[in-house]
Amino acid sequence: MKFTPFPNLASKRLALRKLEERDAETILFLRSNDIVNQFIKRPEHRQTKTISDAIKFIQTQEQNLKTNISIVWGITLINELQLIGTICLWNFTEKKDIAEVGYDLNPKFHNKGIMSEALNLVVSFGFNQLKLQKIEAFTDTNNENSKRLLTKNGFILNPSRKDVDNDSNLIYEIFEGTVNSNL
Ligand SMILES: CC(C)(COP(=O)(O)OP(=O)(O)OC[C@H]1O[C@@H](n2cnc3c(N)ncnc32)[C@H](O)[C@@H]1OP(=O)(O)O)[C@@H](O)C(=O)NCCC(=O)NCCS
């Protein structure tokens with residue numbers, strides 16, 4: 001499993017590309033805006049409160065790419081530079097057969113099917129290129145947008161699993177071979 005060269009992904013409307021330091025302002029917005037972060041709880045050391053935190057976040061992602069620890073894609077509309085959100089695969093198991101997906105999107109672009117399109121690209125990449133067996137998503141029980149996004153795209157709630165670090169999280173899963181034809 002290697003993330004170099006960086007796997008750019010594209011769909012009809014979107015381009016998923018590597019984060020660059022020039023994205024720092026948007027990263028700061030996405031990781032500190034109250035609407036985007038309403039249901040996201042991060043420990044103090046993972047919070048992004050200043051532009052310098054955002055630059056450090058981007059640099060850490062660059063390191064994580066080189067060491068195959070995780071991969072973050074910046075989401076843009078096709079042929080545009082401006083980032084509108086991010087989507088990532090992280091928390092890989094030691095066997096590299098399971099990973100967790102995470103995502104955020106500028107509220108101006110919500111309810112247009114954007115994250116469904118990005119999620120389909122990343123799920124297909126995870127199963128087809130990384131040969132994952134399962135992708136998981138942890139989401140707050142009150143995060144209706146995220147829960148709907150996941151179920152509409154083939155993820156299934158596993159009610160028997162609990163997030164030991166956050167008891168308001170639900171855990172959704174999608175297995176290789178169960179992705180339907182429109183993904
Ligand atoms: C969760 C989140 C990523 C959802 O993103 P989104 O782009 O609005 O989600 P979708 O793209 O699937 O769009 C949802 C709605 O748009 C509709 N839609 C509109 N145009 C569409 C199109 N062209 N194609 C597909 N769906 C479209 C969908 O049908 C769906 O409506 P419904 O579910 O009410 O039927 C977004 O709300 C967000 O960033 N939230 C804050 C961050 C967050 O909570 N992250 C998750 C942490 S676990």
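Read the numbers this way: they start at 1 and go in the same order the structure lists the ligands and their atoms. Each residue takes its place number in the sequence, starting with 1. Values below: every heavy atom of this structure, side chains too, minus hydrogens, waters and symmetry copies.
- Checking only distances, Phe138 never comes within under 3.5 Å of ligand 1, N or O to N or O.
- Glu117 does not count as a contact of ligand 1, since none of its heavy atoms falls under 4.0 Å from the ligand.
- Nearest protein neighbour of atom 4 (C) of ligand 1, counting heavy atoms only, is Met115 CB, 4.2 Å.
- Closest to atom 19 (C) of ligand 1 among all protein heavy atoms lies Asn111 O, 3.2 Å.
- Within ligand 1, the atoms closer than 4.0 Å to a non-hydrogen atom of Ser116 are 10 (P), 11 (O), 12 (O), numbered from 1 in the order shown.
- Taking any N or O of Phe109, backbone or side chain, none lies under 3.5 Å from an N or O belonging to ligand 1.
- For the pair Trp73 (side chain) and Leu89 (backbone), a donor-acceptor distance under 3.5 Å is absent.
- When heavy-atom distances to ligand 1 are checked against a 4.0 Å cut-off, Asp140 has no atom that comes that close, whether in backbone or side chain.
- Looking only at distances, no side-chain donor or acceptor of Lys96 sits under 3.5 Å from a matching main-chain atom of Thr93.
- Salt bridge present: Arg17 and Asp23 bring a charged side-chain N and a carboxylate O closer than 4.0 Å.
- Residue-level proximity to ligand 1 for Lys12 is absent, since no heavy atom of it falls below 4.0 angstrom.
- Only the side chain of Leu149 comes within contact range of ligand 1, with a heavy atom under 4.0 Å; no backbone atom does.
- If you look at Lys152 next to ligand 1, the close heavy atoms, those under 4.0 Å, all belong to the side chain.
- Ion pairing between Lys18 and Glu62 holds under the 4.0 Å rule for side-chain N and carboxylate O.
- Below 3.5 Å of separation, one finds no N or O of Ile40 facing any N or O of ligand 1.
- Between Glu80 and Arg13, none of the side-chain N atoms (NZ, or NE/NH1/NH2) sits under 4.0 Å from a carboxylate O, so this pair counts as no salt bridge.
- The closest protein non-hydrogen atom to atom 25 (C) of ligand 1 is Gly113 CA, 3.5 Å.
- For a threshold of 3.5 Å applied to N or O pairs, the pair formed by Tyr103 and ligand 1 contains at least one separation below that value.
- In this structure, atom 2 (C) of ligand 1 has no protein heavy-atom contact shorter than 4.0 Å.
- At a threshold of 4.0 Å, the pair Asp104-Arg31 does not count as salt-bridged, since none of the basic side-chain nitrogens sits closer than that to a carboxylate oxygen.
- Close contacts of ligand 1 with Asp104, meaning ligand atoms under 4.0 Å from a residue heavy atom, involve 39 (O).
- Taking any N or O of Asn143, backbone or side chain, at least one lies under 3.5 Å from an N or O belonging to ligand 1.
- Remark: minimum distance from atom 36 (C) of ligand 1 to any protein heavy atom is reached at His110 NE2, 3.4 Å.
- If you check the side chains of Tyr172 and Ser146, you find no donor sitting under 3.5 Å from an acceptor.
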